[in-house]
Structures are given as C-alpha cells and as structure tokens.
Amino acid sequence: QVQLVESGGGLVQPGGSLRLSCEASGFTFSRYAMSWYRQAPGKERELVAVVASTGAMTNYADSVKGRFTISRDNAKNTVYLQMNSLKPEDTAVYFCKAEWKLLGLNYWGQGTQVTVSS
C-alpha cells in the first residue's frame, strides 16, 4: 500500500529549529516530486516547499524562503524539511505530498503538528 508518514513535529520556541521527515513506501519514490504543505486553523492549505524527483530543483513559498530547506534522500525514500528561525505564524499541521505530474498521481501523508510558541 502507498504510505507517507511524517514525523519530527512538536513544540518549539520562536527562533528555534525543527527537522521534519516523511518516509514513503508502496510506490517508486524516485519518480515523484515531493512537497511540503501546511495548514493552520481557519486557513487554506498552502505549499511550503517542493523538490524535484532528482533533488536538483527546489522552490519555496516567500514566507519561508531563506529559513526552510527541503531535501530528499532517494536511497532512503525520505524527504526532509529543515525549519530554522521559526515564527509563531509557522504553526500549522505540515503534510507531505508525492506527485507524479505526468500521470496525475498524488499521495498525501497524515500530517504532523508544528507549534511555535513561547
């Protein structure tokens, strides 16, 4: 079965750091672009970062550019989101997404909670 499992969320103080992980199984991970999305209460789910299947290209939301870094390890079927200089407005549930655009295939993880508060 297809599965994406996020981990690494938790409570952190403003200015702190967290590293999220998303472990994939049940599909050919290296063929898929991987993304991180987040959704705060009462807000739309938004794209945070995306990395191409090879890891060569990345893109970020303006709100996190310079603070967050997305990366992937195809040998481990895992995508990461390193989050530095965290702000209270980063508080959200963070979701991992796999996409094979050419075939219209999308898979989502269950999400992991990130709370930035003093």
Side-chain angles (χ1 to χ4, degrees):
Q1 69 281 3
V2 171
Q3 194 168 21
L4 296 170
V5 180
E6 301 96 333
S7 62
L11 175 64
V12 65
Q13 293 183 333
S17 297
L18 283 174
R19 191 190 195 200
L20 305 183
S21 298
C22 173
E23 298 184 23
S25 60
F27 64 99
T28 306
F29 179 81
S30 62
R31 296 184 186 272
Y32 287 72
M34 299 298 299
S35 301
W36 287 97
Y37 286 74
R38 67 186 182 188
Q39 188 166 23
K43 299 182 69 176
E44 296 287 320
R45 187 171 297 187
E46 64 173 342
L47 177 65
V48 175
V50 59
V51 58
S53 59
T54 64
M57 294 185 293
T58 59
N59 200 14
Y60 299 90
D62 288 341
S63 60
V64 307
K65 197 170 298 181
R67 299 188 298 121
F68 291 10
T69 302
I70 189 171
S71 62
R72 66 192 295 160
D73 186 342
N74 284 351
K76 296 181 178 179
N77 287 352
T78 302
V79 63
Y80 306 94
L81 185 67
Q82 178 66 47
M83 304 185 294
N84 299 325
S85 302
L86 283 161
K87 305 174 180 179
E89 51 263 46
D90 295 319
T91 296
V93 177
Y94 283 71
F95 298 89
C96 176
K97 179 190 178 184
E99 179 180 31
W100 191 345
K101 187 175 182 179
L102 185 62
L103 298 182
L105 298 176
N106 296 278
Y107 305 119
W108 291 88
Q110 83 290 342
T112 185
Q113 177 70 49
V114 172
T115 302
V116 184
S117 176
S118 59

Legend entry - Hydrophobic cluster membership, Val2 vs Leu103, 4.5 Å side-chain cutoff: yes

Inset, instruction - Measure from NZ or CZ of Arg38 to the centre of the six-membered ring of Phe95, then state whether that distance is under 6.0 Å and the direction lies within 45° of the axis. - result: no

Inset, instruction - Check the hydrophobic clustering (I, L, V, M, F, W, Y; side-chain heavy atoms under 4.5 Å; chains of links allowed) and say if Tyr37 and Leu20 are grouped together. - result: no

Legend entry - Shortest non-hydrogen separation from Pro14 to Ser118 and the atoms involved: CD-N, 3.7 Å

Legend entry - CA sep, side-chain torsions, deciding dist, call: Glu6, Trp108, side chain to side chain contact (heavy atoms under 4.5 Å, CB included): CA-CA 10 Å; Glu6 301 96 333; Trp108 291 88; over 6 Å; no

Inset, instruction - Taking the six-membered ring for Trp and the single ring otherwise, decide whether the centroids of Phe27 and Tyr32 are under 6.0 Å apart. - result: yes

Legend entry - side chain to side chain donor-acceptor pair (under 3.5 Å) assessment of Glu44 paired with Gln39: CA-CA 6 Å; Glu44 296 287 320; Gln39 188 166 23; 5.9 Å; no

Legend entry - Nearest atoms (heavy-atom pairs only) where Ala40 meets Thr91: CB-O, 3.6 Å

Inset, instruction - Would you confirm whether Thr28, through its side chain, and Ser30, through its main-chain N or O, come within 3.5 Å as a donor-acceptor pair? - result: no

Inset, instruction - Quick one: do Asn84 and Ser17 satisfy side chain to side chain donor-acceptor pair (under 3.5 Å)? Show the steps, please. - result: CA-CA 4 Å; Asn84 299 325; Ser17 297; 2.9 Å; yes

Legend entry - Atom of Leu4, atom of Ala24 and distance for their closest heavy-atom approach: CD2-CB, 3.4 Å

Inset, instruction - Just do the side chain to side chain contact (heavy atoms under 4.5 Å, CB included) check on Ser35 and Leu47 with the steps written out, would you? - result: CA-CA 7 Å; Ser35 301; Leu47 177 65; 3.8 Å; yes

Inset, instruction - Might you point out which heavy atoms bring Asn74 and Phe29 nearest each other, and give the distance in Å? - result: OD1-CE2, 3.1 Å

Legend entry - From CD (Glu23) to CG (Asp73), nearest 0.5 Å: 11.0 Å

Legend entry - Basic-acidic side-chain contact under 4.0 Å: Asp90, Lys87: no

Legend entry - Arg67 to Tyr60, cation-pi by 6.0 Å centre distance and 45° axis angle: no

Inset, instruction - Would you indicate whether the side-chain heavy atoms of Glu99 and Tyr107 approach each other to under 4.5 Å? - result: no

Legend entry - same_hphob_cluster(Leu86, Val93) at 4.5 Å side-chain heavy-atom cutoff: no

Inset, instruction - First locate atom CD of Gln110, then atom OG of Ser7, and finally report the distance between them rounded to the nearest 0.5 Å. - result: 8.5 Å

Inset, instruction - Run the numbers on Phe68 and Leu81 for side chain to side chain contact (heavy atoms under 4.5 Å, CB included), then give the verdict. - result: CA-CA 7 Å; Phe68 291 10; Leu81 185 67; 4.1 Å; yes

Legend entry - Heavy-atom pair of closest approach, residues Val64 and Val48: CG2-O, 3.6 Å

Legend entry - Ser117 side-chain N/O to Thr115 backbone N/O, donor-acceptor pair under 3.5 Å: no

Legend entry - Close side-chain approach of Ser25 to Gln3, heavy-atom, < 4.5 Å: yes

Inset, instruction - Kindly indicate, with the supporting measurements, whether the criterion side chain to side chain contact (heavy atoms under 4.5 Å, CB included) is fulfilled by Val79 and Val51. - result: CA-CA 9 Å; Val79 63; Val51 58; 4.1 Å; yes

Legend entry - Cys22 versus Met34, closest heavy-atom pair with distance: SG-CE, 4.5 Å

Legend entry - Ring-face cation contact, Tyr80 with Arg72, 6.0 Å cut, 45° max: no

